[in-house]
Amino acid sequence: MKDLKKRAEDLKKDLKAMYKNLTTALDTPAGNALQLAAEDVLIEPIDKMILVIDHISDTLNEVKGKGYYKDVFDKFEQLNQNIKFN
């Protein structure tokens, strides 16, 4: 989840830079409108996706550390380690 969040944040940063460069090149009212549209259409959903990733990560961390599911996650991690070494 940490990697997914990092990738989403990197995507957001790259899109902001891309649209900043584009609107700088289009220093017109249309370029300004494009920048506003980019915030609403592309950046806002990424921000929401990052919030969802955080929530899922927090929930998984809580579930992973308690009761029955702890054993499931421990065995899953063990299986992943075995696969990586084979």
Side-chain angles (χ1 to χ4, degrees):
M1 294 309 282
K2 212 182 303 182
D3 291 340
L4 182 59
K5 181 179 178 183
K6 170 95 172 81
R7 288 174 55 197
E9 289 171 343
D10 290 346
L11 175 63
K12 177 183 170 181
K13 186 175 97 176
D14 290 347
L15 285 173
K16 278 189 165 198
M18 180 184 74
Y19 274 98
K20 182 178 180 188
N21 291 337
L22 181 62
T23 57
T24 301
L26 298 172
D27 193 14
T28 65
N32 293 334
L34 180 63
Q35 186 173 11
L36 293 174
E39 287 287 327
D40 292 340
V41 174
L42 291 174
I43 305 302
E44 185 180 333
I46 292 172
D47 283 337
K48 289 178 181 177
M49 181 175 68
I50 290 169
L51 290 174
V52 170
I53 292 168
D54 279 339
H55 179 71
I56 291 170
S57 180
D58 292 345
T59 301
L60 285 174
N61 286 332
E62 185 175 329
V63 168
K64 184 178 174 181
K66 298 178 182 175
Y68 169 79
Y69 291 106
K70 182 178 183 333
D71 294 337
V72 172
F73 280 99
D74 288 345
K75 289 179 182 180
F76 175 76
E77 187 61 36
Q78 184 180 29
L79 178 62
N80 268 340
Q81 291 300 321
N82 290 340
I83 290 171
K84 286 180 185 177
F85 292 120
N86 289 331

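Numbers for residues simply follow the sequence, beginning at 1.
- The distance from the CG atom of Asp58 to the CE atom of Met1 is 9.5 Å, given to the nearest 0.5 Å.
- Every side chain to side chain donor-acceptor pair (under 3.5 Å) that Glu77 has, sequence neighbours left out, goes to Gln81.
- Under the salt bridge (Lys or Arg N to Asp or Glu O under 4.0 Å) criterion, Lys6 pairs with Asp10, sequence neighbours left out.
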Ignoring hydrogens and angles, write down the donor-acceptor pairs under 3.5 Å from the side chains of residues 46-57, residues two or more places apart or on other chains.
from, atom 1, to, atom 2, distance (Å)
Asp47, OD1, Lys12, NZ, 2.5
Lys48, NZ, Glu44, OE2, 3.1
Asp54, OD1, Lys5, NZ, 3.0
Asp54, OD2, Lys5, NZ, 3.3

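- Judged as a side chain to side chain donor-acceptor pair (under 3.5 Å), and not counting sequence neighbours, the contacts of Asp74 are Lys70.
- Partners of Asp14 according to the side chain to side chain donor-acceptor pair (under 3.5 Å) rule, which considers only residues two or more places apart in sequence or in another chain, do not exist here.
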